Amino acid sequence: MAKVVYVDEEACTGCGTCEELCPDVFQMDEEIEKAHVIKPEGTDCVEEAIDTCPEEAISWQEE
Ligand code: SF4
């Protein structure tokens with residue numbers, strides 16, 4: 001099974017850190033102030049975003 005990047009929108013506070021660290025994968029939705037995943041398969045910087053997210057809102061999910 002493939003793993004995909006997941007953002008828990010309930011937990012996300014819209015701080016923008018993941019987009020700063022990893023803009024190829026995360027993009028802020030300015031309207032709702034939450035991060036969206038634009039590249040579910042991820043890139044190398046996803047692990048750093050997971051470790052840095054203050055709300056622990058980012059994880060890998062089984063597809
Ligand atoms: S770093 Fe975490 S809390 Fe901040 S925008 Fe990204 S997912 Fe949301």
Side-chain angles (χ1 to χ4, degrees):
M1 259 195 282
K3 279 183 169 183
V4 292
V5 183
Y6 172 74
V7 170
D8 178 350
E9 288 195 357
E10 294 286 313
C12 173
T13 56
C15 71
T17 302
C18 54
E19 186 186 57
E20 277 173 37
L21 289 171
C22 204
D24 289 343
V25 177
F26 301 98
Q27 192 172 69
M28 296 306 298
D29 183 327
E30 305 295 344
E31 265 180 42
I32 59 171
E33 297 186 343
K34 305 283 182 187
H36 274 312
V37 176
I38 56 172
K39 189 174 174 123
E41 68 271 32
T43 62
D44 288 349
C45 52
V46 170
E47 291 303 325
E48 191 181 359
I50 288 173
D51 290 344
T52 310
C53 173
E55 307 304 328
E56 298 186 0
I58 307 168
S59 61
W60 291 104
Q61 302 273 313
E62 299 287 349
E63 201 170 26

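No hydrogens, no waters, no symmetry mates; every other heavy atom, side chains included, goes into these values. As the structure lists them, so they are numbered: ligands from 1, and atoms in each ligand from 1. Small disclaimer: the values here were computed from a predicted structure and weren't measured.
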Flag if over 12 foreign heavy atoms under 6.0 Å of CD, Glu62 = yes
key: Polar protein atoms (N, O or S) that approach atom 2 (Fe) of ligand 1 to under 2.8 Å   = Cys53 SG
Sole residue of Met28, Glu30, His36 in side-chain contact (heavy atoms from CB on, under 4.5 Å) with Ile32 = His36
remark   = CD (Glu10) and CD (Glu55) are apart, to the nearest 0.5 Å, by 12.5 Å
message = Counting only heavy atoms from other residues, nucleotides and ligands, does the tally under 6.0 Å from CG of Asp44 exceed 12?
response = no
Heavy atoms from other residues, nucleotides or ligands near CD of Glu33 exceed 12 (cutoff 6.0 Å) = no
query = With respect to the side-chain SG atoms, do Cys53 and Cys18 come within less than 2.5 Å?
reply = no
